[in-house]
Amino acid sequence: AVTKLALGADGLPFAVAALEFHLKTHAIRGGEAQAGEPELNIVPSRGDFHGRRRSRHLRSHADARWHVTPDSMFYARIASGFVPGGPNVAPFGVPPGTIPTTYSSSTTTNYEVGYKSAYLGNHLTLELSLFQINWEDIQLTQTFGIYNAIANGGTAVSRGVEWALNYVPVAGLTLGWTGSYTDAHLTEDTPNGGVDGDRLPITPRWQTAASVDYKWPMFGVNGFAGADWRYVGDRYADFTTGTRQQLPSYDIFDLRAGIETDTWTLGAFVKNVGDERAISFVGNETGLATQQRAYISTPRTIGVELTANF
């Protein structure tokens with residue numbers, strides 16, 4: 001039986017029977033809500049430039065929720081948003097006009113439908129969602145001669161599925177599994193060599209994680225042990241690296257165990273048990289297209305930590 005059907009959008013509230021509706025729009029300045037049409041002020045920093053860019057954006061949100069049972073719900077939402085623009089800080093000595101001093105905001109329209117439910121007396125919970133994000137004026141790192149800077153690149157889309165599953169089969173034992181599949185790509189060519197259909201930088205198609213946690217009482221304290229595993233699929237580097245480099249997939253496994261009370265915790269851990277040399281990012285050095293940098297995961301780390309609550 002349907003227990004409740006609710007609709008909402010930020011703002012003027014009213015209700016008709018089981019129907020809830022809200023509507024609100026507001027503008028953003030520097031990440032904070034402000035009335036009217038704000039301006040984004042660019043503060044001078046390293047390099048020789050001054051900039052001032054007016055940013056006018058309305059952010060809105062609407063959603064619908066259908067409670068099929070007290071423990072299960074379908075939902076849908078649509079929201080508009082934006083990523084603020086900002087300044088490009090040029091290296092010392094770069095002639096004015098070599099790179100753009102500022103870049104514009106990018107805007108998004110976000111769609112999501114999903115399902116949430118609990119089973120077996122709340123011992124098993126499930127969350128599943130489908131999403132799509134449409135980008136306008138997406139911000140990408142682009143090359144200007146031997147220098148790079150952020151600039152707006154056109155349109156893109158990101159769509160996929162996400163899930164989260166948690167299970168408590170017995171007291172103290174919690175099993176978790178999360179993951180996602182994401183198809184994120186350009187939907188038009190960009191000035192820096194990106195082609196319609198190219199995958200967006202540093203976005204894996206597949207990623208997933210699993211965890212096991214167990215807690216039990218012992219000798220007046222609580223013992224705990226756990227393990228985490230996470231997998232990140234292959235990704236592509238920025239468009240500015242010439243022939244785009246493909247970053248290989250990787251998976252990392254962590255272990256932990258210890259004892260705890262309400263006031264302190266003593267634990268031992270092994271992070272990155274397999275000593276995986278995972279490359280999480282490859283891109284041009286800040287400001288220079290002739291140099292590259294890469295971020296590599298922390299190697300195997302074994303340690304003991306003591307924490308206290310005051």
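Source: prediction; values computed, not measured. Atom set for the values below is all heavy atoms of this structure, side chains included, hydrogens, waters and symmetry mates excluded.
Under the 4.5 Å side-chain heavy-atom criterion for ILVMFWY residues, no single connected hydrophobic cluster contains both Tyr111 and Phe82. Clustering ILVMFWY residues whenever any of their side-chain heavy atoms sit less than 4.5 angstrom apart, transitively, puts Val212 in the very cluster that holds Tyr214. Both Trp66 and Leu130 belong to a single network of hydrophobic side chains, linked directly or stepwise wherever heavy atoms of I, L, V, M, F, W or Y lie under 4.5 Å apart. Both Val68 and Leu124 belong to a single network of hydrophobic side chains, linked directly or stepwise wherever heavy atoms of I, L, V, M, F, W or Y lie under 4.5 Å apart. Note on Tyr75 and Tyr115: separate hydrophobic clusters, where clusters join Ile, Leu, Val, Met, Phe, Trp and Tyr whose side-chain heavy atoms are under 4.5 Å apart, directly or indirectly.
In this structure, the side chain of Thr261 engages the main chain of Thr263 through a donor-acceptor pair within 3.5 Å. Side-chain atoms of Gln245 never come within 3.5 Å of backbone atoms of Asp238 as a donor-acceptor pair (strictly under, hydrogens ignored). Side-chain atoms of Asn222 never come within 3.5 Å of backbone atoms of Lys215 as a donor-acceptor pair (strictly under, hydrogens ignored). At least one donor-acceptor pair closer than 3.5 Å links the side chain of Asp275 to the backbone N or O of Arg300. In this structure, the side chain of Asp196 does not engage the main chain of Asp189 through any donor-acceptor pair within 3.5 Å. Judged by distance alone, the side chain of Asn148 and the main-chain N or O of Gln142 form no donor-acceptor pair under 3.5 Å. In this structure, Arg244 contributes its side chain and Asp198 its backbone to no donor-acceptor pair below 3.5 Å. Side chain of Ser106 to backbone of Trp135: no donor-acceptor contact under 3.5 angstrom is found.
Shortest non-hydrogen contact noted between Asp251 and Trp229 is OD2-NE1, 3.2 Å. When every heavy atom of Ala237 is checked against every heavy atom of Leu247, the shortest pair comes out as N-CD1, 3.9 Å. Residues Pro100 and Asn88 share a closest heavy-atom pair of O-ND2, 3.1 Å. The two atoms that bring Pro84 and Tyr103 nearest to each other are O-CE1, 4.2 Å, heavy atoms only. The minimum heavy-atom distance between His61 and Ala79, with the atom names listed, is CD2-CB, 4.0 Å.
Atoms OH and CD1, on Tyr231 and Ile252 in that order, are 12.5 Å from each other to the nearest 0.5 Å. In this structure, CD in Glu305 is found 9.0 Å from CG in Leu266, a value given to the nearest 0.5 Å. Distance check, rounded to the nearest 0.5 Å: NZ of Lys116 to CD of Glu127 gives 5.0 Å. Interatomic distance, Ile138 CD1 to Thr190 OG1, rounded to the nearest 0.5 Å: 9.5 Å. The distance from atom CD1 of Ile279 to atom CG of Asp234, rounded to the nearest 0.5 Å, is 12.5 Å. Atoms CZ and CD, on Arg235 and Gln207 in that order, are 9.0 Å from each other to the nearest 0.5 Å.
Each of Thr187, Asn134, Asp137 was compared with Thr155 under the side-chain hydrogen bond (donor to acceptor under 3.5 Å, both in side chains) criterion, and only Thr187 meets it.
Annotation: salt bridge (charged side-chain N to carboxylate O under 4.0 Å, His left out) contacts of Asp71 (sequence neighbours excluded): none.
In this structure, Phe224 and Asp213 have side chains that are not in contact, with every pair of non-hydrogen atoms separated by 4.5 Å or more.
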Q. For Asn110 and Phe131, what are the C-alpha separation, side-chain angles and deciding distance, and is it a side-chain contact (heavy atoms from CB on, under 4.5 Å)?
A. CA-CA 7 Å; Asn110 311 280; Phe131 66 88; over 6 Å; no
Q) Could you walk me through whether Thr301 and Phe269 pass the side-chain contact (heavy atoms from CB on, under 4.5 Å) check? A) CA-CA 8 Å; Thr301 304; Phe269 60 85; 4.1 Å; yes
(Q) Determine whether Asn272 and Thr298 satisfy the following criterion, side-chain contact (heavy atoms from CB on, under 4.5 Å), listing intermediate values before the conclusion. (A) CA-CA 8 Å; Asn272 194 359; Thr298 303; 5.9 Å; no
Q: Might you work through the side-chain contact (heavy atoms from CB on, under 4.5 Å) test for Gln139 and Asn152, ending with a clear yes or no?
A: CA-CA 5 Å; Gln139 297 166 1; Asn152 298 92; 3.9 Å; yes
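Comment: Asp228 does not engage Lys271 in a salt bridge, judged by the lack of any side-chain N to carboxylate O separation of less than 4.0 angstrom.
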Let me have the donor-acceptor pairs involving side chains of residues 157-184, under 3.5 Å, with sequence neighbours excluded, atom names and distances please.
| unit_1 | atom_1 | unit_2 | atom_2 | d |
| --- | --- | --- | --- | --- |
| Arg159 | NE | Gln132 | OE1 | 3.1 |
| Trp177 | NE1 | Thr208 | OG1 | 2.8 |
| Asp183 | OD1 | His185 | ND1 | 3.1 |

